[in-house]
Visitor: 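Mind having a look at this structure? Questions to follow.
Order of listing sets the numbers, starting from 1, for every ligand and every atom in it.
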Amino acid sequence: MNLMDALKGRRSVRRYKDEPVSRDYIRALLEAAETAPSAGNLRSREYIVVTRPHLMAMLAAAAYGQSQLASAPVLIVVCADPIRSGRRYGDRGQLFSIQDAAAATTTLLLAAHDMGLGACWNGAFDDDMVREILDLPDRLVPTAIVSAGWPDENPAVPSKRDLTEVVRWETD
Ligand SMILES: Cc1cc2nc3c(=O)[nH]c(=O)nc-3n(C[C@H](O)[C@H](O)[C@H](O)COP(=O)(O)O)c2cc1C
């Protein structure tokens, strides 16, 4: 797939067919995510892959009842590791680890689209509940729960702010 076509064609997909996503596909998504840039190449991010239905139901509850978390064949919880990044970068490391995780999440979403999968970045959830459900170590901050599966909807292109609203040119 041409990269610009992929960028423009990717949508947040929240409805999935009732078909599993094989481990090979999941592994390919994770390998793609790990191609993303990373501050100092510290790769201060980790992933938890969840397909156990009872955990997915609990994560959906932690995400304020968002049903795509319970109905997706797979969830990938992307976590930042600010301690790892902070060891080299101090306070700035907090931000870097979140950016590392965000870069990986975006890359994972694009890879899913390229592979014909549908996926959605879910960021609205109760951190403490997610930590408890997944028994996360204290050093990890969950930043996104990506729901993914074979798409069962074709969402419309959402509205975007015009470039003139979001860009200032300081050029001659
Ligand atoms: C930081 C972040 C948090 C998001 N959280 C949620 C969420 O909790 N639930 C959801 O359905 N979509 C969530 N989204 C997806 C956005 O709603 C979606 O990207 C936006 O509406 C634009 O649509 P598009 O991805 O199809 O271009 C989130 C996206 C980002 C970047």
Visitor: For L75 and M56, which heavy atoms make the closest approach, and how far apart are they?
Guide: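 Heavy atoms only, the tightest pair is CG-CE, 3.8 Å.
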Visitor: Name the residues with a heavy atom less than 4.0 Å from ligand 1?
Guide: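 Residues near ligand 1: R10, R11, S12, R14, Q66, Q68, C120, W121, N122, G123, A124, P158, K160.
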Visitor: Go through S44 and Y89 one step at a time and tell me if the side-chain contact (heavy atoms from CB on, under 4.5 Å) criterion holds.
Guide: CA-CA 12 Å; S44 303; Y89 294 114; over 6 Å; no
Visitor: Supply the atom-to-atom distance R84 CZ to R43 CZ, rounded to the nearest 0.5 angstrom.
Guide: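 Taking CZ in R84 and CZ in R43, the distance rounds to 9.5 Å.
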Visitor: Using every non-hydrogen atom in the two residues, find where P37 and A103 come nearest and quote the distance to one decimal.
Guide: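 In terms of heavy atoms, the two residues are closest at O-CB, 3.9 Å.
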Visitor: Excluding sequence neighbours, so at least two apart, what forms side-chain hydrogen bond (donor to acceptor under 3.5 Å, both in side chains) with D114?
Guide: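 Result, side-chain hydrogen bond (donor to acceptor under 3.5 Å, both in side chains) vs D114: none returned.
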Visitor: Will you find, in the side chains of S97 and D81, an N or O donor that is under 3.5 Å from an N or O acceptor?
Guide: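 Not at all, the side chains of S97 and D81 share no donor-acceptor pair under 3.5 Å.
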